[in-house]
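Since the structure is predicted, the reported quantities are computational estimates derived from the model, not experimental observations. Just so you know, these numbers use all the heavy atoms, side chains as well, and skip hydrogens, waters and symmetry mates.
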Amino acid sequence: MAAYEGFAELETQGWSNDTISSGYVTMFSEASDMAIPSVVSQVGSNSRVLDLCCGQGNVTEALANAGHTVTGADFSAKMLSHARKRFPTGDFIEADAQDLPFEEDSFDSVVCSFGLMHVPDQPKALSEIRRVLKPNGQFIMTSWCGPDVSPVFQVFYSSVQEHGDPSVTMPDSPNFHQFANEEMAKSILSDAGFEVEKQEQLDCSWVLDEPGDLAEIFQNGAPRGGYLLSQQPEANNAAIKAAVAEKVRSRFSDGDKWRAPIPASLIVARAN
């Protein structure tokens, strides 16, 4: 059986869904886009770069604008359609991170911004990243911090725990936040043939017009959040959303809007 088969199916269906893919582009990516300058600044000059799990091509475009030769790769045809619309001159290819269609030593750098946590077989993906990197090549990734440090995930997870139907459970999957934990990240990357050179926290956030917008971002802009909320009975879904809105209202007020912090972790590693 393939690793995390149910989770793989959830991710495939999610990123093929018009609502989720469009919701990610129009809503969720406001936060993830904040990490782009930090990611791009780590890439060596005039590099041949693979932007893995490129999604709508936001990082691909930024890397190209910084003077790099970039290939964007994603397994989702739906997300690649957004990428080609956003960046028509970009080089994009449909490809699975677990089985990359590139020769060994093809890239100076591989970037994976908020993508690796969506891959079912992460050791296989890291093995492929290591294979396509040149000797001493650079791997740069970002991931979301967990609820121990992330106010947004504290709000969301606690609301689901308090008001969700206990019969609604996620398919077994890798730890979504493991790469934000320094010890876990170093161990996993070391096993894959990488040495972590830097790990730091990035300040990302959403600026919300209404407190209820946060739950809508999770339901309509992310496969996991969309699954977890859409599978709830109507009453539970409404109760979760009401709890999220109340916590946003009380914790994240910023003038006439609400700033919802969702910090990220940036890792820069080198192939051994």
Side-chain angles (χ1 to χ4, degrees), residues 15 20-97 100-103 105-119 125 128-129 132-134 136-144 179 194 196-207 217 221-222 262-271:
W15 294 115
I20 295 295
S21 62
S22 297
Y24 184 87
V25 172
T26 59
M27 296 188 298
F28 204 106
S29 65
E30 178 188 330
S32 57
D33 280 359
M34 291 185 174
I36 293 176
S38 296
V39 170
V40 173
S41 71
Q42 300 300 319
V43 180
S45 60
N46 301 314
S47 292
R48 177 82 173 92
V49 186
L50 172 63
D51 180 18
L52 188 59
C53 306
C54 69
Q56 76 270 34
N58 50 352
V59 178
T60 311
E61 182 180 32
L63 288 164
N65 289 341
H68 305 294
T69 302
V70 193
T71 298
D74 201 285
F75 84 115
S76 168
K78 186 73 66 176
M79 292 303 292
L80 287 172
S81 69
H82 288 288
R84 294 182 176 112
K85 181 178 180 180
R86 177 191 178 103
F87 186 30
T89 60
D91 176 22
F92 295 103
I93 184 171
E94 187 173 335
D96 187 339
L100 294 174
F102 305 109
E103 299 293 327
D105 305 341
S106 293
F107 299 97
D108 301 302
S109 300
V110 173
V111 167
C112 189
S113 193
F114 302 108
L116 193 56
M117 67 275 275
H118 295 285
V119 177
E128 282 292 274
I129 292 167
V132 303
L133 272 173
K134 293 179 180 178
N136 205 40
Q138 188 182 43
F139 175 47
I140 301 163
M141 67 169 288
T142 53
S143 62
W144 296 118
F179 287 100
F194 293 94
V196 174
E197 296 183 333
K198 176 193 294 188
Q199 184 161 8
E200 63 185 33
Q201 186 172 306
L202 306 178
D203 293 327
C204 301
S205 63
W206 290 294
V207 177
I217 290 172
I262 179 169
S265 176
L266 169 73
I267 293 175
V268 181
R270 188 75 58 179

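For Q42 (side chain) and I267 (main-chain N/O), no donor-acceptor pair under 3.5 Å exists by modelled atom type. Remark: the backbone N or O of F75 is not paired with any side-chain donor or acceptor of D96 at under 3.5 angstrom. Judged purely by atom type and a 3.5 angstrom limit, E128 uses its side chain to pair as donor or acceptor with the backbone of L100.
In this structure, K85 has no side chain to side chain donor-acceptor pair (under 3.5 Å) partners at least two apart in sequence or on a different chain. Annotation: side chain to side chain contact (heavy atoms under 4.5 Å, CB included) contacts of M27 (sequence neighbours excluded): I217, N220. Looking at residues two or more places apart in sequence or on another chain, you find a salt bridge (charged side-chain N to carboxylate O under 4.0 Å, His left out) between R270 and E197. Listed by chain and number, the residues in a side chain to side chain donor-acceptor pair (under 3.5 Å) with Q201 amount to none (sequence neighbours excluded). Listed by chain and residue number, nothing satisfies the salt bridge (charged side-chain N to carboxylate O under 4.0 Å, His left out) test with R48 (two or more places apart in sequence, or in another chain). In this view, S205 and M34, R259 satisfy the side chain to side chain contact (heavy atoms under 4.5 Å, CB included) rule, not counting sequence neighbours. Under the salt bridge (charged side-chain N to carboxylate O under 4.0 Å, His left out) criterion, E61 pairs with R86, sequence neighbours left out. Take S106 and apply the side chain to side chain contact (heavy atoms under 4.5 Å, CB included) test, not counting sequence neighbours, and it matches F102, E103. The side chain to side chain contact (heavy atoms under 4.5 Å, CB included) check on K134 picks up D105, D108, with sequence neighbours excluded. Residues passing the side chain to side chain donor-acceptor pair (under 3.5 Å) test with W15, sequence neighbours excluded: E11. In terms of the side chain to side chain donor-acceptor pair (under 3.5 Å) criterion, R84 has no residue partners (sequence neighbours excluded).
Atom CD1 in I129 sits 5.0 Å away from atom CG in L52 (nearest 0.5 Å). Rounding to the nearest 0.5 Å gives a distance of 7.5 Å between OG of S265 and CG of L202. Between atom CG of residue L133 and atom OG of residue S109 there is a gap of 7.0 Å, rounded to the nearest 0.5 Å. Between the OG1 atom of T69 and the CG atom of N46 there is a distance of 8.0 Å, given to the nearest 0.5 Å. Residue E30 holds its CD atom at 10.5 Å from SG of C204, rounded to the nearest 0.5 Å. Annotation: the span from F28 atom CZ to F114 atom CZ amounts to 8.5 Å, rounded to 0.5 Å.
Of all heavy-atom pairs spanning Q199 and F179, the tightest one is NE2-O, 2.9 Å. The heavy-atom pair separating G55 from D74 by the smallest distance is N-OD2, 2.8 Å. Heavy-atom minimum distance, S21 versus M79: CB-SD, 3.5 Å. Taking every heavy atom of both residues into account, A64 and V70 meet most closely at N-CG2, 3.7 Å. Nearest heavy atoms, A73 versus L50: CB-CD1, 3.9 Å. Taking every heavy atom of both residues into account, G44 and Q138 meet most closely at N-OE1, 3.6 Å.
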Sequence neighbours excluded and cut-off under 3.5 Å, please list the side-chain donor-acceptor pairs for residues 87-95, or say none.
residue, atom, partner, partner atom, Å
D91, OD2, T71, OG1, 2.9

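A side-chain donor from one of T142 and S113 sits under 3.5 Å from a side-chain acceptor of the other.
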### Task
Could you check C54 against L80 for side-chain contact (heavy atoms from CB on, under 4.5 Å), going step by step and ending with a plain yes or no?
CA-CA 8 Å; C54 69; L80 287 172; 3.8 Å; yes
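Just one residue in the list V111, V119, V59 forms a side-chain contact (heavy atoms from CB on, under 4.5 Å) with C53, and that residue is V119.
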